[in-house]
Amino acid sequence: MNGLKKILGRGRAFGVLSPLAAAAVAVSFSVVDASFAAERQASNVRRIATRVAQNVAAENPIRQDAQQLYPEIVADVNGVQITLDELRAESLRAHGEEVLSRILNRALVLAECKRQGVAITRSDVDAEIDRMAKSFRLDRRQYLDVVQKDSSMSYQEYAEEVVWPRLALQILVADQIKLSDEELEAAYLKSYGPSVGLQMIVCETKEKADDVRARVLADPESFGTVAKNESLDVVTASNKGRMQPIFRGMLEEKEMEDLLFALEVGEISETIGPYGPQNQFVVFRCENKYDPVVPAEKIDEVKERLQVQASAAKLRGAADELFARLGREANVVNVIGNPELRKQYPNVAATVDGKPILLDAVVEMCMRLYAKQDLDALVSIELIRQECKKVGLEVTDADVATDIFVRAAETTYPLPDGSPDVKTYLRSELAKYQTTEENYKKSIVWPGVALRKLSEGKVKITEEEIAKAYEANFGESVQCLGIVLNDERRARDVWQKARTLPAKENRPAEEVFGDLASEYSVEPDGKQMRGRIAPIVKNGGYPELEEEAFALKPGELSQVIQIDAGTFVILYCQERIPGSDATLEEMREQIVANLRKMKEASAAGEFYAGVVKRARIVNNLTNQTIEPGDKPAADAKWASPEASALRR
């Protein structure tokens, strides 16, 4: 589905959890043997938690034979060896605290399950997987395929790392996660209820916003043009001020939400502000009001899915409270997260009631979960380090800090003093990559900076590229509704309905098309938004789609457009959006800067591919060897410019 989002949601070239991910709680345990889980003797939580924590390593078979599982030399990169000790240290540095949390949570929850006599069997786990698959209208195989694609988890890992803990937690906190009728109604409105389509103009001062409002009140049809030319919000300005439709419950400020839903179609709001982190002022216009995606009388069709999603959200909060309480009762002390304690107890990861969980137990679980991807990162970094050494290039801590500063400036709201919000940017990045700041700088930022420096001077920008980029970002665009399908026969059936139903049912063609998008589109966002997609631009990367869109007149239906072997698109043209008044020369500097950034990233990737092609790499974990000139195996992630160390 990600490819479909790129096709229909990309917007201008300079321009989340999925339901499956949101339904899973990211904590880790092992599926306990039925006889172990069935043990029903009630005991004190602290005593059991201590005993389980002491025996975590014993319950984990990889602890006993770690040296047999992993060779002492895990990789050889052009004659430079990467040792098992180096890999273990890297894995602990990158994932130690996260994995320790998993071990502690497992110990505490197993203890609580024993205390309460909770038994969860393999049959229970399988039944839950079947239920989850059904809630997403998939069969078991399709659901597990999606899980594997999204998370790289096997069935066994998914059962152990996600499903078992969710079932255990659902039982332990059952009284806290039961949905009331009001909560179910709120979840329905947020995902499937009525919505409002809005345009907005964002201004820096109230005086400017009041002036803009007066002008668009005098000429309401000019709202989109004014938004495009004057709004500070680049994303919506490029689409004539259009926002994604707002559903009830999407905004934190209920008063603001009530105000927006109260607007009539065509009505322009008062000036609102100061609003948002930058204290800006906003003027809204209601462009459309949409009927529920799923009518209220058909809520039963989506009730199970709503319950899964809403319960998962409540479960996360209840689980945090449970872990905190059990941790206090068991007197858990995190050693590896405390520099002073770590110096004091170098071989201990944590204590439960004063009893240690050894660091080796954490290291071995890190290795079980992450050894292959961490070795990919070490191989990538070693390849880049060797290239730097050849040319005498040094990438300093200051270079890394500058790169983070620049990216924070590009992606965050500035602080009151105008400087980038580096702390917020780093928090977001560490959460995204699930790693520590030290490892983020070493394994993610450093390789990218080094590759850009190594490939400097290889970027050339032509006048043709500048002209195409100008047309893509500032030229005319076409606003369409779109339906994405994955079967040609179904696509032709839906196209026929879009062509004939308006006359047959005496309804507007746009309304019929929106209904069909809600019912048949396989692209989740487009389905929810009744086919609304970003404006289609020229030179956006999908020539077949662009050619068809630009041949349409407002109110016309496209033919069935085949994008690739399994993707078919139908368009309904709403309007042609004129290009910006800004000339190419006025925008040249911005265009060149953006093209340079993209081409530098591409050049860095090509440079790295050349490094791999010249390298001799032996990976003893996967028994893969690549000789100079060989084509790397498909699963040798270090062989790609998008390797784990370079994914930024």
Side-chain angles (χ1 to χ4, degrees), residues 3-15 197-202 216 219-245 285 287-288 464-484 509-510 513-514 517 521 523 525-526 529-559 561 563 567 569-588 590-592 594-595 598:
L4 304 183
K5 288 186 178 180
K6 289 178 181 176
I7 294 171
L8 296 183
R10 61 191 292 135
R12 298 293 187 180
F14 295 159
L198 300 163
Q199 293 171 284
M200 73 174 182
I201 302 172
V202 181
V216 296
D219 182 9
E221 295 302 316
S222 70
F223 196 101
T225 302
V226 174
K228 181 184 69 172
N229 294 332
E230 302 185 40
S231 180
L232 297 179
D233 185 79
V234 177
V235 174
T236 56
S238 67
N239 193 13
K240 299 185 79 170
R242 289 188 179 91
M243 306 166 55
Q244 300 284 14
R285 175 179 178 269
E287 188 176 30
N288 211 335
E464 181 183 3
E465 290 169 332
I466 294 172
K468 285 185 175 181
Y470 172 78
E471 188 173 36
N473 289 278
F474 303 100
E476 182 186 22
S477 59
V478 185
Q479 181 65 61
C480 295
L481 299 179
I483 302 174
V484 181
E510 185 171 329
F513 195 93
S521 184
E523 203 285 302
D525 289 343
M529 295 186 295
R530 299 176 57 81
R532 168 75 71 173
I533 61 176
I536 297 171
V537 300
K538 291 183 179 178
N539 308 312
Y542 295 92
E544 301 90 350
L545 193 75
E546 295 162 20
E547 182 179 356
E548 182 71 15
F550 277 87
L552 296 174
K553 296 176 182 176
E556 285 187 343
L557 184 71
S558 75
Q559 61 181 332
I561 309 159
I563 303 299
T567 306
V569 178
I570 306 168
L571 299 175
Y572 175 86
C573 180
Q574 293 178 298
E575 64 172 323
R576 306 288 287 257
I577 303 174
S580 170
D581 294 333
T583 66
L584 188 152
E585 289 308 312
E586 289 172 334
M587 305 311 301
R588 176 179 288 272
Q590 177 184 341
I591 290 170
V592 170
N594 280 282
L595 281 174
M598 290 187 289

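The structure presented is a predicted model; accordingly, all values stated were derived computationally and were not measured.
Side chains of Ile533 and Leu571 form a contact here, defined as non-hydrogen atoms less than 4.5 Å apart. Val478 places none of its side-chain heavy atoms less than 4.5 Å from the side chain of Leu552. A 4.5 Å side-chain heavy-atom check between Val592 and Ile466 finds at least one atom pair inside the cut-off. Side-chain contact check for Phe223 versus Glu287: every heavy-atom pair is 4.5 Å or farther apart. The closest side-chain heavy-atom distance from Arg242 to Arg285 is not below 4.5 Å. Phe474 has its side chain out of reach of Glu586: every pair of non-hydrogen atoms, C-beta onward, lies at least 4.5 Å apart. Residues Leu481 and Arg530 fail the side-chain proximity criterion, which asks for heavy atoms closer than 4.5 Å.
Annotation: the span from Asn288 atom CG to Gln574 atom CD amounts to 8.5 Å, rounded to 0.5 Å. Atoms CG and CD, on Asn539 and Glu465 in that order, are 11.0 Å from each other to the nearest 0.5 Å. With rounding to the nearest 0.5 angstrom, the OH atom of Tyr542 is 9.0 Å from the OG1 atom of Thr567. Going from atom NZ of Lys538 over to atom CD of Glu476 covers 6.5 Å, rounded to the nearest 0.5 Å. Thr225 OG1 to Ile577 CD1: the interatomic distance, rounded to the nearest 0.5 Å, is 9.5 Å.
Of all heavy-atom pairs between Phe513 and Leu557, the closest is CE1-CD1, 3.6 Å. Residue Cys480 comes nearest to Cys573 through the heavy atom pair SG-CA, 3.9 Å, listed as atom of the first residue, atom of the second, then distance. Ala509 and Tyr572 get closest at one heavy-atom pair: CB-CE1, 3.8 Å. Annotation for Val202 and Ser231: closest pair N-OG, 3.0 Å, computed over non-hydrogen atoms. Heavy atoms only, all atoms of each residue included: Ser477 and Val537 are closest at CB-CG1, 3.9 Å. Counting all heavy atoms, side chain and backbone alike, Gln199 lies closest to Gly224 at NE2-CA, 3.7 Å.
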Walk me through whether Asn473 and Ile591 qualify under side chain to side chain contact (heavy atoms under 4.5 Å, CB included).
CA-CA 9 Å; Asn473 289 278; Ile591 290 170; 5.9 Å; no
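Partners of Lys240 according to the salt bridge (charged side-chain N to carboxylate O under 4.0 Å, His left out) rule, which considers only residues two or more places apart in sequence or in another chain, do not exist here.
Between the side chain of Arg576 and the main chain of Phe550, a donor-acceptor pair closer than 3.5 Å is present.
Judged as a salt bridge (Lys or Arg N to Asp or Glu O under 4.0 Å), not a single pair has a partner in residues 545-557 (not counting sequence neighbours).
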